[in-house]
2 protein chains.
Amino acid sequence: MNGQAAQADPSMESEPLMEVMLRPVRAHHGFEGCFEQLATAIRLGVYPKGSTLPPERELAARMGVSRATLREAIAALRTAGLLQSVRGRGGGTRVLALPEIVPTNPPDLGERREELLDSLVFRRVVEAGACHVAASRPLSDKQRTMLRAALADVARAQGRRAHRQADSRLHLGIATLTGSPHIIDAVTRSQADLHTLLTAIPVLSVNIEHSDAQHEAIVRAIIAGDPSRARRSMEQHCDDTAALLRGLLG
Amino acid sequence: MNGQAAQADPSMESEPLMEVMLRPVRAHHGFEGCFEQLATAIRLGVYPKGSTLPPERELAARMGVSRATLREAIAALRTAGLLQSVRGRGGGTRVLALPEIVPTNPPDLGERREELLDSLVFRRVVEAGACHVAASRPLSDKQRTMLRAALADVARAQGRRAHRQADSRLHLGIATLTGSPHIIDAVTRSQADLHTLLTAIPVLSVNIEHSDAQHEAIVRAIIAGDPSRARRSMEQHCDDTAALLRGLLG
DNA sequence: CAGTAAAGGTCTGGGGCCGGACCATTGACC
DNA sequence: GGTCAATGGTCCGGCCCCAGACCTTTACTG
């Protein structure tokens with residue numbers, strides 16, 4: 001990189017900042033972005049098996065792409081066997097199946113190791129922050145009920161996939177309580193990044209019981225309106241999960 | 001929105017989650033994204049007046065766009081009087097001037113009020129989280145020196161704009177210490193969102209002194225390797241800044 | 001049973017963006 | 001002074017994506 005002009009502050013080691021400041025723009029990837037988001041939403045259980053996506057025109061508007069581009073992404077998901085489209089009134093695009101959780105190849109994990117470790121760090125920041133914010137806000141009865149229901153769903157989920165999805169919905173549900181689109185977006189992206197890796201955690205009784213106890217502590221702190229306790233509980237939860245995952249990453 | 005199929009969990013109020021889960025893909029906005037990022041980098045002082053941007057080919061690769069698209073964004077910034085290009089060896093694209101900070105129209109602020117309030121909430125989460133992570137890591141002498149230098153730059157900055165830029169560089173500098181691209185990205189976006197609004201804070205002696213004292217506490221806690229104190233100090237700093245800004249937003 | 005609304009399906013012309021190749025300028029080096 | 005490398009500048013064919021218009025299907029309603 002060329003040296004800076006004289007006016008630039010020499011005491012500030014800003015090259016690293018210049019390095020990281022300009023990042024990929026994500027232009028020209030409408031199809032890819034659509035496909036990824038829809039697959040992630042289905043995978044995380046936001047659109048469970050049997051549910052119907054919003055109508056195409058509405059979805060295109062919400063995602064900020066043309067209907068043609070959206071339709072291509074939906075076509076690809078249909079080809080993959082995840083979606084089914086039915087035309088006519090009362091029709092729509094329905095979730096047929098959940099995406100296969102492909103156990104990632106060790107070399108692939110190796111390639112993505114740094115990125116996944118970064119995602120773990122970021123997850124801890126935003127999920128703990130989300131808990132703090134959620135516990136700071138007055139919650140409606142409806143919101144408390146939603147939270148308790150999501151917690152109960154995790155406890156009674158059978159099998160690795162169902163448990164993973166219920167877990168994701170609980171974490172995402174907490175994020176929605178913050179009322180902050182930025183936080184929701186950050187938690188969503190972090191969940192999406194780590195979903196496959198989180199699914200690799202062995203669903204052993206002892207792990208589940210520990211995890212369930214931590215979830216309960218988090219939910220209780222949020223409902224009690226105790227921001228510090230909510231954050232600390234989530235930090236502990238993220239730390240324990242991260243310890244397991246770091247074992248997988250090597 | 002169409003009702004869900006029978007299998008969908010009725011106890012989970014997931015409509016809000018479905019609402020927020022799918023967000024704009026940002027397709028087909030290469031030029032816009034480039035322009036915005038470059039203008040922000042200049043505005044935040046990452047590329048100060050007189051400095052040279054990386055060569056076009058390198059910049060295009062880093063931002064993941066074609067050189068043609070990047071050149072269009074640079075051309076627009078040149079037309080705006082911010083950049084100057086010189087061809088030939090030893091040439092390059094130099095920063096001529098800083099973007100005008102246009103004092104935003106009250107109606108505009110009103111339109112963006114919710115978004116800016118959200119950015120304040122998000123800022124608190126990611127900046128406090130960044131401090132926590134930065135204070136948790138072993139820092140090199142170089143990094144400590146960078147931090148102290150950035151702090152000194154804020155203290156000696158003259159005038160609203162110079163002070164704002166030095167302030168941004170300190171916050172961004174802290175983010176770089178985390179070593180986490182996700183955190184750096186989040187802090188960058190949050191700084192970019194709030195930059196204009198933060199510049200609107202009156203640069204009164206009492207405000208500056210208070211802010212400087214808080215900055216010092218933050219830096220001291222990070223250097224001391226005290227994550228909780230670093231986070232709390234940044235939370236306090238963000239809260240005090242937010243209180244001023246909420247006054248502006250009404 | 002006809003009309004209507006709500007859904008998906010198809011087609012078209014045009015702009016945005018891409019990757020690559022090549023040209024022109026400038027300064028360092030031998 | 002010629003060569004070379006490092007920079008910006010220009011051009012081209014092609015793909016992605018867009019917005020809109022219009023068609024077809026399906027189920028509800030009066």
Side-chain angles (χ1 to χ4, degrees), chain A residues 1-5 18 22-38 47 50-80 82-96, chain B residues 1-5 18 22-38 47 50-80 82-96:
Chain A
M1 178 177 295
N2 294 5
Q4 287 180 336
M18 289 177 168
L22 301 174
R23 56 208 180 276
V25 164
R26 300 293 295 170
H28 221 43
H29 294 292
F31 166 79
E32 199 177 287
C34 273
F35 184 94
E36 191 179 315
Q37 277 202 42
L38 290 172
Y47 292 101
S51 65
T52 305
L53 303 190
E56 288 178 3
R57 287 168 180 83
E58 183 186 324
L59 211 44
R62 193 184 296 175
M63 297 177 83
V65 294
S66 77
R67 200 171 147 238
T69 299
L70 174 71
R71 282 185 54 78
E72 274 207 56
I74 290 179
L77 289 163
R78 214 167 31 237
T79 300
L82 305 186
L83 294 180
Q84 166 196 61
S85 297
V86 176
R87 65 202 286 182
R89 189 186 177 124
T93 307
R94 282 193 193 96
V95 179
L96 267 188
Chain B
M1 179 178 294
N2 293 5
Q4 286 181 335
M18 287 176 167
L22 302 175
R23 57 208 179 276
V25 162
R26 302 292 294 167
H28 227 40
H29 294 292
F31 167 79
E32 197 178 288
C34 272
F35 184 94
E36 191 178 315
Q37 275 202 44
L38 289 171
Y47 291 102
S51 65
T52 304
L53 303 188
E56 287 178 4
R57 288 170 180 83
E58 185 186 322
L59 213 43
R62 194 183 297 175
M63 297 176 83
V65 294
S66 76
R67 202 173 144 234
T69 300
L70 174 72
R71 281 184 57 78
E72 272 206 60
I74 290 179
L77 289 163
R78 211 166 37 234
T79 300
L82 305 185
L83 293 179
Q84 167 195 62
S85 297
V86 176
R87 65 202 287 185
R89 187 181 179 126
T93 308
R94 284 194 191 94
V95 178
L96 269 188

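In this text the structure is predicted, and so the values were computed from the model without any measurement. Just so we're on the same page: letters track the sequence lines, and every chain starts at 1.
- Between A/T93 and A/S85, the closest heavy-atom pair is OG1-OG, 3.8 Å.
- Atom-to-atom, CZ of A/F35 to P of D/dC16 comes out at 16 Å; the value is rounded to the nearest Å.
- Of the candidate nucleotides D/dG8, C/dC17, D/dC18, D/dG8 has the atom lying nearest to any side-chain atom of B/S85.
- Atoms CD (B/E32) and C1' (C/dG15) sit 15 Å apart, rounded to a whole Å.
- Of the two residues near DNA chain D, B/R78 and A/E72, the one whose nearest nucleotide lies more 5' is B/R78.
- Considering only heavy atoms from C-beta on, A/L53 comes within 4.5 Å of A/L38 through its side chain.
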Review point. Where along nucleotides 21-30 of chain C does protein come under 4.0 Å, by heavy atom, of base (B) or sugar-phosphate alone (S), with - for untouched nucleotides?
Key: -B-BBBBS--
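- Rounded to whole angstrom, the span from the CG atom of A/L83 across to the P atom of C/dG9 amounts to 11 Å.
- Summarising the geometry of A/A73 relative to A/F35, their closest heavy-atom pair is CB-N, 3.8 Å, with the distance given to 0.1 Å.
- Checking D/dG8, D/dC17, C/dG9 against every side-chain atom of B/R71, the shortest atom distance belongs to D/dG8.
- To the nearest angstrom, C1' of D/dC16 lies 13 Å from NE2 of B/H29.
- Distance A/E56 CD to D/dA19 P: 15 Å, rounded to the nearest Å.
- Between A/L70 atom CG and A/E58 atom CD the span is 11.0 Å, to the nearest 0.5 Å.
- Pairing each heavy atom of B/V65 with each of B/C34, the nearest pair is CG2-SG, 3.6 Å.
- In this structure, B/R94 atom CZ and D/dA6 atom C1' are separated by 13 Å, rounded to whole Å.
- Separating the CG atom of A/L70 from the C1' atom of C/dT10 is a distance of 15 Å, rounded to the nearest angstrom.
- We find that CG of A/L59 is positioned 9 Å from P of C/dG8, with the value rounded to whole Å.
- At D/dT7, none of the side-chain N or O atoms of B/T93 fall inside 4.0 Å of OP1 or OP2 (strictly under the cut-off).
- With sequence neighbours left out, A/E56 forms a salt bridge (charged side-chain N to carboxylate O under 4.0 Å, His left out) with A/R67, A/R71.
- Side-chain contact between B/L83 and B/V95 is present, with heavy atoms from C-beta onward closer than 4.5 Å.
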